[in-house]
Amino acid sequence: MKRVQRWLRGEGAQGLFLISPTLVFAVLLLAIPLIMVVALSFWTQDYLTLDRTFTTANYQTAWTEPMYQYLMARSLKISMFVTALTIFLAYPVAYFISFRVPPKRKAMWIFLITIPFWTSYLIRIFLWKVILGYNGVINGSLTGLGLIDQPLSFILYNQNAVVLTLAHAWVPFAILPIFVALEKVDRSLIEAAEDLGDSKLRRFLRVTLPLSMPGVIAATIIVFIPTIGDYVTPRLVGGPNGLMISNMIELQFKKANDAPLGSALAISAMAIVTFVSLIFIWLNRKYIRGPGA
Amino acid sequence: MTQPIIQLSGLDKYYGNFQALSQINLDIKTGEFFSLLGPSGCGKTTLLRAIAGFEVISAGSLHIDGASMEDVPANQRPTNMVFQSYAIFPHMSVSENVAYGLKARRLPKAEIEKRVAEAISMVGLDGFGDRASHGLSGGQRQRVALARALVLKPRVLLLDEPLSALDKKLREQMQSELRQLQRAVGITFVLVTHDQEEALTMSDRIAVMFDGEIAQVASPQELYGKPTNRQVANFIGQMNFLDAKVMGVDGDKVLVDVQSLGKLTLDLHQATGGIEGCNVVGVRPEMLTILDGSQAAEREIEAEVCEVFYYGDMTYYEVILPFTEAKITITMRNTAGRKVLGEGETARVGWSQSSLLLLK
Amino acid sequence: MKNQGRFLKWFMGLFLVFLYAPAFLLPVFAFNDSSIVSFPLKGFTTKWFSVLQSTEPLHIAARNSVMIAVITAVFSTLFGVLAARASSRFKFPGRRSIMGFIMLPMVLPEIIIGVSLLVVIIQLGFELSLWSIIMGHILICTPFCIAILSSAFMNLDQNLEEASIDLGQTRWNTFRLVILPLVMPGIVASLLIAFTISLDEFIIAFFLAGTEPTLPVYIWGQLRFPQKLPSLMALGTILLIVSIALLLIADYFRRRGIRKTGIENSGGFL
């Protein structure tokens with residue numbers, strides 16, 4: 001009895017008590033819905049009646065039907081390209097702000113980087129359609145300058161357009177964690193490397209880059225996982241060959257009225273990105289701890 | 001004699017399986033300046049926080065002013081604390097900080113104003129009342145913390161390493177100010193510190209703690225002159241140790257065989273911690289002399305100087321005693337005409353039997 | 001050294017052009033006197049803004065969105081305060097996994113959240129309404145609020161709280177008089193971030209909207225009609241200005257907080 005009383009007065013009970021409203025909300029609106037999606041993916045639906053006998057048929061369809069296989073592979077590919085392009089764009093920017101901008105100006109630069117993202121997400125993506133379109137900004141200026149006779153058609157309604165637009169949408173989310181990681185790099189370590197005779201490039205490769213790797217990993221995860229579920233960008237700038245898995249998921253839930261198959265597709269996509277992310281994190285751990293680092 | 005203001009008996013504190021405090025028995029007298037001294041991690045701050053009510057004790061009892069504190073939360077205990085970081089509320093002015101506890105007590109406005117002004121004046125911050133607290137210097141912040149606690153007239157003021165954040169000069173000044181303040185207000189002060197000099201100069205009594213246990217409670221002089229074991233002796237100042245073996249006890253005399261010094265007969269009270277288990281003889285560096293010219297001492301031994309550290313007013317010698325190669329330190333005041341010896345020279349070391357302690 | 005510096009400067013220049021291209025074009029087309037959103041530009045007009053003024057469905061959608069965003073901001077900040085305080089002040093069993101779970105929506109694709117909430121609502125036989133969108137938005141905004149508020153709570157010296165208790169104040173008054181004023185800039189930032197995220201969120205609203213659309217759902221519907229596009233550009237311009245104004249207000253509060261307390265305790269905006 002006394003022990004229970006002491007426990008109730010202790011930190012553990014107070015912490016759990018404080019967090020319980022948030023936790024209960026998350027359980028009700030995240031855990032239970034996710035469990036229901038998993039359950040649904042093992043059921044079948046015929047028009048409006050739901051058959052609750054356990055079956056893996058939805059997964060068989062999701063994993064064997066060429067159309068789904070193809071969509072999944074394409075989504076994964078686009079996500080990977082987007083992640084690579086985003087990191088490639090973000091790292092130099094984060095490096096510039098962290099190492100070249102005077103400390104007092106850093107906050108202003110971060111602000112500058114985020115301003116464009118306070119426009120409506122939909123309108124921002126639509127504007128890329130305007131920029132890349134047949135009569136768009138790029139074609140308009142190129143023909144105006146007399147560099148081309150016919151507008152270029154390969155820049156809109158394809159996967160390149162999707163990759164470019166998504167990279168634009170996600171780049172600040174990649175800059176921030178890399179910037180934070182670079183800020184944490186002890187400047188005296190870099191001076192020590194210089195003092196020990198490393199050249200600029202070797203110093204970067206052997207000290208700065210490995211030490212900022214946690215930020216790069218965070219950025220990769222933050223970009224890679226959500227982009228595979230992006231719906232708007234493929235619809236607006238992707239054209240028929242740029243559609244991704246979430247467009248199919250939406251189709252199953254709404255028009256095709258096959259929620260179980262949609263659930264199976266959603267869970268399969270999640271499983272694949274999680275798996276790829278884990279491999280990525282694991283490879284990086286090896287790289288950071290390995291003797292070459 | 002009045003009853004102790006703080007009584008601790010059989011107090012234990014566990015964090016999971018780690019025992020932070022073990023069987024603490026301690027009485028702190030009303031009106032004294034008491035220090036808890038020990039290396040970092042010895043449990044002294046945990047003990048202070050247990051008295052304040054921030055740590056729930058695992059076993060044992062804690063009485064303040066004769067009343068059990070078992071179910072008394074921190075905000076109802078007759079203690080106030082000066083934190084190591086001072087914990088000055090950054091969004092309040094100096095006088096708002098000082099008035100904070102009085103407002104919690106819902107005292108009339110006029111009385112609050114009067115007592116705040118007195119407290120601010122007492123710590124020498126007249127005219128600082130309306131200052132924003134985040135612009136203050138370290139010394140000023142500490143004065144605000146003191147005023148904020150003392151304005152409530154607590155039975156006990158608890159101070160958690162209050163001087164550690166200050167630079168050396170300011171620290172020495174604050175040491176004497178704190179001492180004067182304590183005498184002026186007559187409140188019991190309990191100070192936690194890891195600085196033995198600070199504890200010695202400020203306290204009426206000191207408890208030395210190691211590994212969650214109290215090793216010795218004594219006045220500064222007694223602690224320095226008669227430490228009860230080797231660990232305490234080494235933590236309070238410096239001491240030379242020579243291996244010793246107790247050969248026998250005869251009444252109030254002890255026969256010991258000491259490394260380099262040979263067989264000696266010591267008084268039993270020189271075994272300050274009891275004769276049981278004693279295996280070293282200790283002697284403070286300043287109790288040894290390097291004899292000059294025709295000087296003589298009660299006992300003498302020849303030794304070779306192996307290192308000399310010259311400090312201006314003092315010289316520290318490290319010498320090697322004959323037969324056993326034991327190294328000991330001797331400190332000598334550089335008085336007029338005294339020659340400083342060089343390395344490799346032979347020194348006549350004078351000592352007296354009464355300055356030795358028999359320790360375990 | 002020089003080469004590297006020059007490369008970085010060039011890179012930054014091009015990057016800023018890439019970054020700002022859409023935001024720059026937005027006002028350009030909003031004031032362009034042509035019903036087609038493309039080059040070359042025709043002339044200056046403000047008529048697209050007056051079109052907005054007379055579009056009733058837009059007003060309804062905007063009102064819905066603002067209402068959703070306000071409720072979302074309040075509740076996700078409330079949940080955020082509880083969770084951030086619990087995790088930064090107390091050690092309790094399972095803290096890491098509980099926090100990890102609550103933060104999960106930050107990395108979960110929004111379509112997954114939209115789909116799973118849709119499944120629950122339909123299976124339990126509820127009607128889709130603005131409340132279903134609010135629930136979804138609170139779920140995705142709470143992790144962002146926690147991220148902002150955690151840094152505010154973590155920068156708080158625990159001794160301040162103990163000092164207040166030690167001086168005789170109750171727990172509740174300690175929270176009200178010491179903790180709350182010091183984390184206030186973080187709370188304001190959290191409210192604004194949640195408001196902005198909710199206002200702009202499309203996917204969850206798209207899945208969970210019943211008959212009443214939010215602003216992004218309305219915009220999505222209009223994107224199909226070329227003749228509506230110029231007025232959407234005007235709408236986008238307004239939204240951009242409103243967002244930047246909100247951000248500047250948040251930054252003002254943050255700076256004031258720093259000035260007042262002399263400590264940096266608010267956390268950034270993202």
Side-chain angles (χ1 to χ4, degrees), chain A residues 11-12 14-16 18-19 21-23 25-26 29-30 32-34 36-37 40 89 92-93 96 100 110 113-116 118-124 126-128 130-131 133 135-137 140 168 171-172 176 200 221-222 225-226 228-229 231-232 236 246 249-250 253 259 262-263 266 270, chain C residues 1 4 8 11-12 15 18-23 25-26 29 37-40 79 82-83 85-87 90-93 95 98 101-102 104-105 107-112 115-120 123 135 138-139 142 196 200 202-203 216 219-220 223 232 236 239-240 243-244 247 268-270:
Chain A
E11 274 195 31
Q14 288 182 29
L16 281 173
L18 259 185
I19 204 157
T22 315
L23 180 62
F25 182 81
L29 277 107
L30 185 62
I32 292 177
L34 285 178
M36 282 189 82
V37 171
L40 192 62
L89 289 172
V93 175
F96 178 85
R100 292 279 182 275
I110 292 291
I113 298 289
T114 49
I115 285 178
W118 300 101
T119 6
S120 157
Y121 177 63
L122 291 174
I123 294 180
R124 202 163 69 225
F126 175 77
L127 279 161
W128 276 105
V130 174
I131 294 171
N135 292 316
V137 177
H168 178 264
V171 77
L176 290 174
K200 277 243 154 195
I221 303 297
I222 287 174
I225 298 182
I228 205 158
Y231 171 83
V232 177
L236 284 180
S246 34
I249 294 171
E250 193 254 355
F253 269 92
S263 302
M270 276 313 296
Chain C
M1 174 72 207
Q4 192 206 12
L8 263 181
F11 187 92
M12 283 305 292
F15 178 78
F18 167 69
L19 199 66
Y20 273 86
L25 287 175
L26 201 52
F29 287 117
V37 176
S38 78
F39 282 106
F79 283 136
L82 293 173
R85 166 89 176 143
S87 74
F90 300 103
K91 284 194 182 75
F92 50 89
R95 182 175 60 157
I98 289 175
F101 170 65
I102 292 172
L104 190 63
V107 288
L108 223 49
E110 283 174 7
I111 193 163
I112 301 284
V115 159
S116 61
L117 287 173
L118 182 72
V119 165
V120 169
Q123 292 296 318
M135 292 295 157
I138 295 175
L139 191 65
T142 302
T196 319
D200 194 35
F202 168 67
I203 295 285
I219 293 173
W220 177 253
L223 283 174
L232 285 183
L239 287 176
L240 178 62
S243 305
I244 292 175
L247 275 182
F269 288 128
L270 271 167

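Convention: sequence-line order gives letters A, B, ...; per-chain numbering from 1.
- A:Val130 touches chain C through its side chain: at least one heavy atom from C-beta onward sits under 4.5 Å away, while N, CA, C and O do not.
- Heavy-atom distances place the side chain of C:Phe202, and not its backbone, under 4.5 Å from chain A.
- Contacts of A:Leu40 with chain C are made by side-chain atoms alone, with heavy-atom separations under 4.5 Å and no backbone atom involved.
- Each of A:Ile110, A:Ile222, A:Ile221, A:Val37 has some count of heavy-atom pairs under 4.5 Å with chain C, and the biggest count is that of A:Val37.
- The most heavy-atom pairs under 4.5 Å with chain A, out of C:Val107, C:Val119, C:Leu117, C:Leu139, come from C:Leu139.
- Between C:Leu118 atom CG and A:Phe253 atom CZ the span is 6.5 Å, to the nearest 0.5 Å.
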side-chain contact (heavy atoms from CB on, under 4.5 Å) between C:Leu108 and A:Met270: does it pass, once the steps are laid out?
CA-CA 9 Å; C:Leu108 223 49; A:Met270 276 313 296; 3.6 Å; yes
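- In this structure, chain A has heavy atoms under 4.5 Å from both the backbone and the side chain of C:Leu19.
- Annotation: ring-ring contact (aromatic ring centres under 6.0 Å, His included) contacts of A:Tyr121 (sequence neighbours excluded): none.
- Put simply, the side chain of A:Ser120 never gets that close to the backbone of C:Gly236: no donor and acceptor are under 3.5 Å apart.
- Contacts between C:Phe18 and chain A at a heavy-atom distance below 4.5 Å involve backbone atoms as well as side-chain atoms.
- In this structure, no portion of A:Ala259 lies under 4.5 Å from any heavy atom of chain C.
- Atom CZ of A:Phe126 sits about 11.5 Å away from atom CG of C:Leu25, to the nearest 0.5 Å.
- Of the listed residues (A:Ile32, A:Ile113, A:Leu30, A:Ile115), the one with the most heavy-atom contacts under 4.5 Å to chain C is A:Leu30.
- The heavy-atom pair separating A:Trp128 from C:Pro22 by the smallest distance is NE1-CG, 3.5 Å.
- Of all heavy-atom pairs spanning C:Trp220 and A:Val232, the tightest one is CZ3-CG1, 3.8 Å.
- By the side chain to side chain contact (heavy atoms under 4.5 Å, CB included) test, A:Pro226 pairs with A:Trp170, sequence neighbours left out.
- Under the 4.5 Å side-chain criterion, counting only non-hydrogen atoms from C-beta, A:Ile19 is in contact with C:Ile102.
- Taking each heavy atom of A:Leu16 and C:Phe92 in turn, the nearest pair found is CD2-CD1, 3.6 Å.
- Counting all heavy atoms, side chain and backbone alike, A:Gly229 lies closest to C:Pro109 at CA-CB, 3.8 Å.
- Proximity to chain A (any heavy atom under 4.5 Å) is shown, for C:Met135, by both the backbone and the side chain.
- Looking at every heavy atom in both residues, C:Leu232 comes nearest to A:Ile123 through O-CD1, 3.4 Å.
- Using a 4.5 Å cut-off between heavy atoms, C:Leu104 touches chain A through its side chain atoms alone.
- When all heavy atoms of C:Ala86 and A:Gly15 are compared, the closest pair comes out as CB-O, 3.6 Å.
- When heavy atoms are compared at a cutoff of 4.5 Å, A:Ile249 approaches chain C solely by way of its side chain, counted from C-beta outward.
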